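For the numbers below, each heavy atom of this structure counts, side chains included, while hydrogens, waters and symmetry mates do not. Since we're looking at a predicted model, the values are computed, not measured. For ligands, and for the atoms within them, numbers begin at 1 and follow the listed sequence.
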Amino acid sequence: MHNPFDLSGKTAIVTGANTGLGQGIAVALARAGAAIVAVGRSAMTETERLCREAGARFHGVEADLATLAPIERIVDEGARFGGRIDVLVNNAGVIRRADAIDFTEADWDAVMNVNLKSAFFLSQAAARRMLADGQGGKIINIASLLSFQGGIRIASYTASKSGLAGLTRLLACEWAGKGINVNAIAPGYFVTNNTQALREDPKRSAEILGRIPAGRWGDPADLGGAAVFLASSASDYVHGIVLPVDGGWLAR
Ligand SMILES: NC(=O)c1ccc[n+]([C@@H]2O[C@H](COP(=O)([O-])OP(=O)(O)OC[C@H]3O[C@@H](n4cnc5c(N)ncnc54)[C@H](OP(=O)(O)O)[C@@H]3O)[C@@H](O)[C@H]2O)c1
């Protein structure tokens, strides 16, 4: 029987795949049958092992997404390895914490460049490939609860993730009719490097946990199902959504 979630024969680029949510997504896509192109500035050793254990082909691309310099090389290498690019997951992201009154231009640019600018231009480069052979594809942006909420002490992060949600809708409007699905996932509070400072602050940590209806922080594996759904033909008529995977946080 046809399985609409099967990714056999597909190639997925995942940025920031060495750790955290990117690793969880890469492994989930690998388990669903996709070949993985893992992009990032750190060694992909553990992700490579986990993807290969899942039976997937794997290719690592060393790239620092703080600038646009590696963008063409990433899609070139991805297409050469996979034959074509079927899925792009814009997961790489950074966060900087400071009161808005003291927030620096450096902390603004560092976050906006990776979280928003590189995500847009990598989407553009991948979409050009997806459109060139007429087969379309799937683009998944990793947004945040800060795509919906304000947060505190993370001005550039909130701006970047709110921007990414808007960009997801814009790209969906432009490319839905051309066979490319652009959607986003908004993870809630997950145990990764990104949230280390929050988890080490006993007061904030307890406040956050007390607001999560599921009663626990997310584990990177919790994102896998949403990623496979949005990467697969099961979501062919889904465009421009920002899908929360948040243990019920936004329902509260
Ligand atoms: N954890 C959460 O609760 C949560 C919630 C909502 C959204 N998110 C989003 O989920 C995504 C993944 O974050 P995470 O929680 O898994 O945090 P993480 O463990 O800090 O992972 C971030 C990833 O992005 C990569 N990255 C950062 N800057 C980069 C650059 N200049 N070039 C290439 N790669 C770069 C990191 O590589 P290095 O390891 O080399 O730094 C790492 O692979 C981010 O977009 C984050 O905003 C996380």
S.K.: Considering non-hydrogen atoms of the protein only, which is the closest contact for atom 34 (N) of ligand 1, and what is the distance?
M.R.: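 Scanning the protein heavy atoms, the shortest distance from atom 34 (N) of ligand 1 goes to Ala92 CB, 3.8 Å.
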S.K.: With a 4.0 Å cut-off, would you call Glu207 and Arg211 a salt bridge?
M.R.: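 Result for this pair is no, no salt bridge flagged.
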S.K.: Only counting residues at least two apart or in another chain, list the ones meeting side chain to side chain contact (heavy atoms under 4.5 Å, CB included) with Ala155.
M.R.: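 Testing Ala155 for side chain to side chain contact (heavy atoms under 4.5 Å, CB included), a comparison that skips the adjacent residues, returns Phe103.
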S.K.: Are any of the N/O atoms in Gly20 less than 3.5 Å from those in ligand 1?
M.R.: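 No; every N/O pair is 3.5 Å or more apart.
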S.K.: Before accepting this row, confirm whether a basic side-chain N of the pair Asp246/Arg252 lies closer than 4.0 Å to the acidic partner's carboxylate O.
M.R.: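 Salt bridge between Asp246 and Arg252, a charged N being under 4.0 Å from a carboxylate O: no.
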S.K.: Could you name the option among Asn18, Asn194, Ile142 that has the heavy atom nearest to atom 39 (O) of ligand 1?
M.R.: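 Nearest heavy atom to atom 39 (O) of ligand 1 lies in Asn18.
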S.K.: With a cut-off of 4.0 Å, which atoms of ligand 1 are near a heavy atom of Tyr189?
M.R.: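 Counting atoms of ligand 1 from 1, those under 4.0 Å from Tyr189 are 3 (O).
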S.K.: If the cut-off is 4.0 Å to any non-hydrogen atom of Ala63, which atoms of ligand 1 fall inside it?
M.R.: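 Per the distance check, 32 (N), 33 (C).
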S.K.: Should one rank Ser160, Ala143, Gly93 by closest heavy-atom distance to atom 7 (C) of ligand 1, which comes out on top?
M.R.: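 Looking at heavy atoms only, Ala143 sits closest to atom 7 (C) of ligand 1.
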S.K.: Applying side chain to side chain donor-acceptor pair (under 3.5 Å) as the test, list every pair that has at least one member in residues 78-91; sequence neighbours left out.
M.R.: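 Matches after skipping sequence neighbours: Arg84-Asp86, Arg84-Asp133, Asn90-Ser123, Asn90-Asn141.
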S.K.: With heavy atoms only and a cut-off of under 4.0 Å, state how Val94 meets ligand 1: side chain, backbone, both or neither.
M.R.: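 Just the side chain.
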S.K.: Report yes or no: does Lys161 have a heavy atom closer than 4.0 Å to ligand 1?
M.R.: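 Under 4.0 Å: yes for Lys161.
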S.K.: Just going by heavy-atom distances, which of Thr192, Val14, Asp64 is nearest to atom 14 (P) of ligand 1?
M.R.: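 Comparing heavy atoms across Thr192, Val14, Asp64, the nearest one to atom 14 (P) of ligand 1 lies in Thr192.
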S.K.: Within 45° of the six-membered ring axis of Tyr157 and under 6.0 Å from that ring's centre, is NZ or CZ of Arg96 located there?
M.R.: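 No, a cation-pi geometry is absent between Arg96 and Tyr157.
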